[in-house]
Amino acid sequence: QELKLLLATMTGFGDIARKGRRWIVVALVVFVYSRQLPAHFAVPFECSAIRLRIVSEAARPLRNAVPTGPPHRGAVARAVAFDELHPSVETGPWGFDSAGIDRSQLPGNYWWGYTIGTWLNTTRIPGDRVFWSASSDINNSTDFQVLNLLEEGAKANTLTGVLHASFMNALEVERRGTSPLTPGLDTIQRISSAVDFAAFAGGTCFGFGLAPIDFSVGPDSKNPLLNVVYLGQAGLGLPNRDYYLQDKFASKKKAYREYIANVLHSADWPDAQHVAVDVLALEHEIARRSWTSLALRDQEKTYNPMSIVELKTKALGFDWETFMQSVGNISANTTVIVDAWNEKAMDGVIGIAAVIGSTDLVTLRAWLAFHLVKSSADYLSKDVADAAFNFSKVFTGQEEQRSRWKRSVAVANKFLPDSVGKDYVARHLLASSKQAAQEMTILVKAAFAARIRKLTWMTNATKANALRKLAALTFDIGYPEKFKDYDGELLNRHDLFGNLEKTIAFRQRWELSKIGQPVDTAYWPWSLPPQVANGFYSHSENRFRLLAAVLQSPFFIPDSDMSVNFGIIAACIAHEITHGFDDQGRKYDAEGRLRDWWSEEDVQEFSKRAAQYGEQYANFTQGLPEGIRVKPDVSMGENIALGGVMTGLDAYHMWLDEQAYTPGSPSLFETWMRGALLSR
């Protein structure tokens, strides 16, 4: 009740604000997170930012009383949307968007409405987007930054510039229509055996099309210094198995069947309407054998090493040796790790292989042809691209296709991520911003260690191992130590599809060369280029990567008050660190090895607390459509990692202490607040 009263009186902030903001930060953040308001539970950057709006406002009169960190040479420039206007966050001189607050609401009564009520009521999702948030704002700015780099590159005939020019050459793309697919479709038509099917499927693993089995290369979970091959279930065109098996998605299945028929008809495939039914039935059977998203989260059950020779004797119906040869001349004696594997249940990879073996070649050929067109639709003529977009609207609600230049930026980021990234960090990442983030990681790590030491339910032995893992955790800020070198690759500004095939071939050679070789952490994964606003923790490397695009407005503003930067960036860093100790991350040790280092007593206590946390998440309704609930077991890693915002707050307090900030003698109220809130 005292907290509610405090919050309700903070519109003017009165004497409390003038006393010093440290306890206001504590009061507000602890109040919010002790009650676990849902808000944007899947977007940690935005989540922490929204909850610190009131903190920024509370502290505004104290701007000159609190150090704001080392001096920086200017703020990160935000790109101007010169041909389109999208909603954006105006951070103002303080460093945060206070215009989004609805001051007609009492924060103690309706925190969600108070903090972002005005923003929610005035912001509209652009027609070419599925959602809009603070993360959308920064991605929008980054798109313009990358566009400028691509346009400069097009004039200078750089690799990225030529790729951009070939995508923007819409007339040439239109002239070619679907002809780039003719060789592939002709090959599919000639498939006459299970061997032929496996050979073509293997060739799709890095390129256009779809295989019933997923192929990737990465660190061995139990020997993380070495790269191995991973195989997993695949073969579905809809987002997951539920869309095939649950009645509530019947309308979407119907739309999918119609899309399959339309695609096959556009490819002049014989009897398109009839085979579309068979293709959907094939995927329905694959879905029945596929593991659930929850089952795939289990790190132990999805670690099943075996040779290709052993695999082919247990997963009958699919030609594994031909498949692996087609992927990249991989020997039958090569050890692979299979994810969805259960010999008793005969589901997962074993079940999918059986489905393929029992399906007629007419259906298998149509399935390959459909996915070849579907996966390449955005790089073909407008009618094919528009058909793919119109089908996607069934799932996304997106009203209009994104501008061609925006799609070109996405293509460059996907197919030449390191080339774009290298140019991006040279132009847009301030050395001072990287240094500030690095300094934050040190404080966050110290704050996290302090939290581990204070745990009352964890035994000393497990604590010691947890602290060892934390100490071994490595941070990469901004960009990789080494960028992948595309030297020697020649692209043609008049051949988009050919350019994409060349970049795919480069990636395939790169990935295959890693098999059986030591892991080189100096390179980053393809999906994590610096120009993407994100952070990522790798279990097998025990490593956190903060990408360069995050270090700009509105997530990071060098000249803003450091409370805001800590509220977003430090909370993000702590969020990702927490993934190393969530329900799956905790199963990896300090060296990134999948190994049980917890005492049985601690495992039981952790599981009990996680279950209680999950129950809380399952009952959240705020911001969700009627009848929709979070599946807490599936999202448990994110649920737990959201506690990182409190670690970020601790790190901010440490930073204040390092700055020798002295708020003066605490009042009796402040003393009570410190004891009551921190004990809570």
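What you are looking at is a predicted structure, and each value in this text was computed from that prediction instead of being measured.
- Between atom CZ of residue F555 and atom OG of residue S141 there is a gap of 10.5 Å, rounded to the nearest 0.5 Å.
- When ring centroids are compared, Y617 and Y613 come within the 6.0 Å threshold.
- Going from atom CG of D583 over to atom CZ of F606 covers 6.0 Å, rounded to the nearest 0.5 Å.
- Within the 3.5 Å criterion, the main-chain N or O of G117 finds a donor-acceptor partner in the side chain of N121.
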> When you look at Q584 and H579, which way does the side-chain hydrogen bond (donor to acceptor under 3.5 Å, both in side chains) test go after all the steps?
Replying inline: CA-CA 8 Å; Q584 298 303 314; H579 278 311; over 6 Å; no
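- With S408 contributing its side chain and M168 its backbone, the two residues share no donor-acceptor pair below 3.5 Å.
- For H575 (side chain) and A641 (main-chain N/O), a donor-acceptor pair under 3.5 Å exists by modelled atom type.
- Side chains of C572 and L546 form a contact here, defined as non-hydrogen atoms less than 4.5 Å apart.
- A ring-centre distance under 6.0 Å is not found for Y256 and Y243.
- For R451 against D650, the heavy-atom pair with the smallest separation is NE-OD2, 2.7 Å.
- No more than 12 heavy atoms of other residues, nucleotides or ligands lie within 6.0 Å of NZ in K422, so this atom counts as exposed by the packing criterion.
- Counting only distance, with no hydrogens or angles, the side chain of N565 and the backbone of P558 share no donor-acceptor pair below 3.5 Å.
- I116 has its side chain out of reach of I101: every pair of non-hydrogen atoms, C-beta onward, lies at least 4.5 Å apart.
- The side-chain heavy atoms of S392 and Q398, taken from C-beta on, include no pair separated by under 4.5 Å.
- The shortest heavy-atom contact between N413 and V146 is OD1-CG1, 4.2 Å.
- F544 pairs in a ring pair (Phe, Tyr, Trp, His ring centres under 6.0 Å) with only one of the listed residues (W524, F475, F536, Y537), which is F475.
- Neither side chain, Y114 nor N109, offers a donor N or O lying under 3.5 Å from an acceptor on the other.
- Residues L163 and V411 form a side-chain contact, since some pair of their non-hydrogen atoms from C-beta on lies under 4.5 Å apart.
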>> Checking T474 against N542 for the side-chain contact (heavy atoms from CB on, under 4.5 Å) test, could you report, in this order, the C-alpha distance in whole Å, the side-chain angles of both residues, the deciding distance, and whether it holds?
In response: CA-CA 7 Å; T474 305; N542 193 21; over 6 Å; no
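- Here the CZ-OG1 distance, from F415 to T160, works out to 15.0 Å after rounding to the nearest 0.5 Å.
- Between D143 and the choices K406, R407, R402, the salt bridge (Lys or Arg N to Asp or Glu O under 4.0 Å) rule is met once, by R402.
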> Can you check side-chain contact (heavy atoms from CB on, under 4.5 Å) on F566 and V444, steps first, answer last?
Replying inline: CA-CA 10 Å; F566 268 89; V444 171; 5.6 Å; no
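- Between the side chain of T441 and the main chain of Q438, a donor-acceptor pair closer than 3.5 Å is present.
- We find that R427 and E152 are joined by a salt bridge, their nearest charged nitrogen and carboxylate oxygen being less than 4.0 Å apart.
- Residues D128 and Q401 fail the side-chain proximity criterion, which asks for heavy atoms closer than 4.5 Å.
- Proximity of a side-chain donor or acceptor of S403 to a complementary backbone N or O of W405 within less than 3.5 Å is not detected.
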>> Between Q435 and E439, does the side-chain hydrogen bond (donor to acceptor under 3.5 Å, both in side chains) criterion hold? Intermediate values first, please.
In response: CA-CA 6 Å; Q435 180 182 352; E439 292 170 355; 3.2 Å; yes
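- Using a 4.0 Å cut-off between charged side-chain N and carboxylate O, R297 and D633 make no salt bridge.
- Residues I477 and L551 have side chains in contact (heavy-atom distance under 4.5 Å, counting atoms from C-beta outward).
- Contact of the I569 side chain with the V550 side chain is registered, since non-hydrogen atoms from C-beta on lie closer than 4.5 Å.
- Listed for the K393 side chain is no donor-acceptor partner under 3.5 Å among the backbone atoms of A388.
- Around the OH atom of Y110, the shell of radius 6.0 Å holds more than 12 heavy atoms that belong to other residues, nucleotides or ligands.
- Residues K631 and D242 are paired through a salt bridge, judged by an N-O separation under 4.0 Å between the basic side chain and the carboxylate.
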> Can you list the steps and then say if R103 with T118 is a side-chain contact (heavy atoms from CB on, under 4.5 Å)?
Replying inline: CA-CA 9 Å; R103 300 185 188 280; T118 298; over 6 Å; no
> Which is it for T142 and Q552 under the side-chain hydrogen bond (donor to acceptor under 3.5 Å, both in side chains) test, yes or no, and what are the steps along the way?
Replying inline: CA-CA 9 Å; T142 304; Q552 61 178 319; 2.9 Å; yes
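- Aromatic pair Y424/Y479: ring centres not closer than 6.0 Å.
- Under a 3.5 Å cut-off, the side chain of S419 and the backbone N or O of L416 do not form any donor-acceptor pair.
- Here the straight-line distance linking atom CZ of R545 with atom CG of L528 works out to 7.0 Å at 0.5 Å rounding.
- A distance-only check finds a donor-acceptor pair linking the side chain of Q531 to the backbone of P417 [under 3.5 Å].
- Within the 4.5 Å cutoff, no side-chain heavy atoms of P126 are placed close to those of S136.
- Contact detail for I573 and A437: the closest heavy-atom pair is CD1-O, 4.1 Å.
- One finds the CG atom of D102 at 5.0 Å from the CD atom of Q105 (value rounded to the nearest 0.5 Å).
- Contact between G637 and D582 at its shortest, heavy atoms only, is CA-OD2, 3.5 Å.
- For the pair I138 and P554, the tightest heavy-atom approach, listed with the atom from each and the gap, is CB-CD, 4.0 Å.
- In terms of heavy atoms, P632 sits closest to A618 at CG-CB, 3.8 Å.
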>> One pair to check against side-chain contact (heavy atoms from CB on, under 4.5 Å): L473 and K445. What are the steps and the verdict?
In response: CA-CA 9 Å; L473 188 147; K445 222 174 173 182; 4.2 Å; yes
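- Judged by the 6.0 Å distance and 45° axis criteria, R404 is positioned over the aromatic ring of F167.
- F448 contributes atom CZ, which lies 15.0 Å from atom CG of L443 (distance to the nearest 0.5 angstrom).
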